[in-house]
Amino acid sequence: MIVIGLTGSIGMGKTTTAKLFAGEGVPVLDSDAVVHDLYRAEAVPLIESAFPGTTISGVVDREKLGGVLRKNPANFSKLEAIVHPLVRERQESFLEKARKEDQRFALLDIPLLFETGADARVDKIVVVSCAPEIQRQRVLSRPGMTEEKFEMILARQLPDADKRRRADFVIDTGKGVEAAQDQVRGILQRLATDSGQGENNA
Ligand SMILES: CC(C)(COP(=O)(O)OP(=O)(O)OC[C@H]1O[C@@H](n2cnc3c(N)ncnc32)[C@H](O)[C@@H]1O)[C@@H](O)C(=O)NCCC(=O)NCCS
Ligand SMILES: Nc1ncnc2c1ncn2[C@@H]1O[C@H](COP(=O)(O)OP(=O)(O)OP(=O)(O)O)[C@@H](O)[C@H]1O
């Protein structure tokens, strides 16, 4: 099974592109969605004890937690030390299931793929990217998003140019969904061909 790591900076199109891979039959795990799920489950007591007052009725209030982080960005490391190992556990069970099903590919959508060293745990890296003006426009048009939040998140992410340099494949999401879909199909074909050759050579 080929494990594909999909990453890209905020608003570059990870979720949209992951859906395109899913549409081609690839099992996909979205790490941001896993975090949101953990915030209704096992992460709750850990977060309440590290950041008192940020959970309400057994659920993490992301707005409140975000506020604590904005006041003191040093708290990000404390939060990540709680959340990332839990995300990793979920990723491992997802991959185990995909292996049992004999899937040819499995895709992990990981916003912080390089920053957390997860790049070492995947076979191929796909980076989604587009022009910075498009990225900014996309992100700032989201409800509740502000220039300040955008800058805070960007500052914690590896720059787009570095991500692209470290990618096996770069998908340009600035040209529309159909163009991205073609690129997704091209990548899967290429990986299938390459791995087929690998098996013949073995
Ligand atoms: C800061 C929090 C509370 C804000 O929640 P909110 O619902 O407003 O935003 P959401 O989770 O949808 O994330 C918005 C964008 O920020 C990115 N992002 C989230 N956390 C981080 C982080 N620690 N470092 C860099 N980028 C991050 C996301 O990938 C996404 O692109 C939340 O993102 C969080 O708890 N983050 C810590 C967990 C984490 O590191 N997640 C990253 C992927 S595993
Ligand atoms: N190939 C594409 N063509 C046109 N629009 C796109 C494409 N990919 C993504 N978009 C648009 O860009 C916006 C951001 O996309 P998406 O939510 O997939 O990004 P993301 O990287 O997952 O964001 P985040 O980092 O915040 O989770 C959405 O409005 C989406 O419709």
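Below, all heavy atoms of this structure are taken into account, side chains as well, without hydrogens, waters or symmetry copies. Just follow the structure's listing: the first ligand is 1, and inside any ligand the first atom is 1.
Counting heavy atoms closer than 4.0 Å to ligand 2, residue D109 contributes nothing at all. Counting heavy atoms closer than 4.0 Å to ligand 1, residue L112 contributes side-chain atoms (C-beta onward) but none from N, CA, C or O. With a 4.0 Å cut-off on non-hydrogen atoms, D32 touches ligand 1 through its side chain and not its backbone. Only the side chain of H36 comes within contact range of ligand 1, with a heavy atom under 4.0 Å; no backbone atom does. Under 4.0 angstrom from ligand 2, there are no non-hydrogen atoms of Q181.
Of the protein's heavy atoms, none falls inside 4.0 Å of atom 19 (C) of ligand 1. Protein heavy atoms are found less than 4.0 angstrom from atom 28 (C) of ligand 1. Within a 4.0 Å radius of atom 24 (N) of ligand 1, the protein has at least one heavy atom. Less than 4.0 angstrom separates atom 32 (C) of ligand 1 from none of the non-hydrogen atoms of the protein. Distance check on atom 9 (O) of ligand 1: every protein heavy atom falls at or beyond the 4.0 Å cut-off. Remark: atom 29 (O) of ligand 2 lies closer than 4.0 Å to no protein heavy atom. Counting protein heavy atoms under 4.0 angstrom from atom 13 (O) of ligand 1 gives zero.
Under the 3.5 Å distance criterion, with hydrogens and angles disregarded, no donor-acceptor pair is assigned to the side chains of K163 and S129. No hydrogens or angles considered: a donor-acceptor pair under 3.5 Å links the side chains of R138 and T173. Using modelled atom types and a 3.5 Å distance limit, the side chains of S31 and Q91 yield a donor-acceptor pair.
Within ligand 1, the atoms closer than 4.0 Å to a non-hydrogen atom of E80 are 22 (C), 23 (N), 24 (N), 40 (O), numbered from 1 in the order shown. Against a heavy-atom cut-off of under 4.0 Å, I153 is close to the following atoms of ligand 1: 15 (C), 16 (O), 17 (C), 26 (N). Atom numbering of ligand 1 starts at 1 in the shown order; those under 4.0 Å from a heavy atom of L79 are 35 (O), 37 (C). Counting atoms of ligand 2 from 1 in the listed order, those under 4.0 Å from a heavy atom of K14 are 18 (O), 19 (O), 20 (P), 21 (O), 22 (O), 24 (P), 25 (O). Within ligand 2, the atoms closer than 4.0 Å to a non-hydrogen atom of T16 are 8 (N), 9 (C), 15 (O), 16 (P), 18 (O), 30 (C), numbered from 1 in the order shown. Taking every heavy atom of A180 and a limit of under 4.0 angstrom, the matching atoms of ligand 2 come to 1 (N). Numbered from 1 in the order shown, with element, the atoms of ligand 2 that lie under 4.0 Å from a heavy atom of D32 read 27 (O). Those atoms of ligand 1 with a heavy atom of F76 less than 4.0 angstrom away are 22 (C), 23 (N). Taking every non-hydrogen atom of R156 and a distance limit under 4.0 Å, the qualifying atoms of ligand 1 come out as 24 (N), 25 (C).
A salt bridge between D172 and K175 is present, with a side-chain N of the basic residue lying under 4.0 Å from a carboxylate O of the acidic one. The pair K14-D32 does not meet the salt-bridge criterion, since no charged nitrogen lies less than 4.0 angstrom from a carboxylate oxygen. Residues E80 and R156 are paired through a salt bridge, judged by an N-O separation under 4.0 Å between the basic side chain and the carboxylate. With respect to E178 and R185, no salt bridge is recorded, no charged nitrogen being found less than 4.0 Å from a carboxylate O. A salt bridge is defined here as a Lys NZ or Arg NE, NH1 or NH2 lying under 4.0 Å from an Asp or Glu carboxylate O, and R136 with E147 meets this definition.
Annotation: K14 places no N or O atom under 3.5 Å from an N or O atom of ligand 1; distance criterion only. When only interatomic distances are considered, the shortest N/O to N/O separation between G11 and ligand 2 falls below 3.5 Å. The shortest N or O to N or O distance between T17 and ligand 2 is not under 3.5 Å.
Within the structure, ligand 1 lacks K149 among the residues with a heavy atom less than 4.0 angstrom away.
Remark: minimum distance from atom 44 (S) of ligand 1 to any protein heavy atom is reached at V35 CG2, 3.8 Å. The protein non-hydrogen atom at the shortest distance from atom 2 (C) of ligand 1 is L69 CD1, 4.6 Å. Of the protein's non-hydrogen atoms, the one nearest atom 26 (N) of ligand 1 is Q157 NE2, 3.1 Å. Looking only at heavy atoms of the protein, atom 34 (C) of ligand 1 is closest to Y39 OH, 3.5 Å.
The option with the heavy atom closest to atom 19 (O) of ligand 2, from among G176, G13, A33, S9, is G13. Counting heavy atoms only, R138 comes closest to atom 11 (C) of ligand 2 of the residues Q157, Q135, R138, Q137. Across H84, R62, M145, heavy-atom proximity to atom 40 (O) of ligand 1 is greatest for H84. Of the candidates R142, M12, E178, R142 brings a heavy atom nearest to atom 23 (O) of ligand 2.
Residues I171 and V184 are in side-chain contact: their nearest non-hydrogen atoms beyond the backbone lie under 4.5 Å apart.
Criterion: ILVMFWY side-chain heavy atoms under 4.5 Å apart, direct or through other members. Under it, L79 and V68 are part of a common hydrophobic cluster.
Residue Q137 places its CD atom among 12 or fewer non-hydrogen atoms of other residues, nucleotides or ligands, all under 6.0 Å distant.
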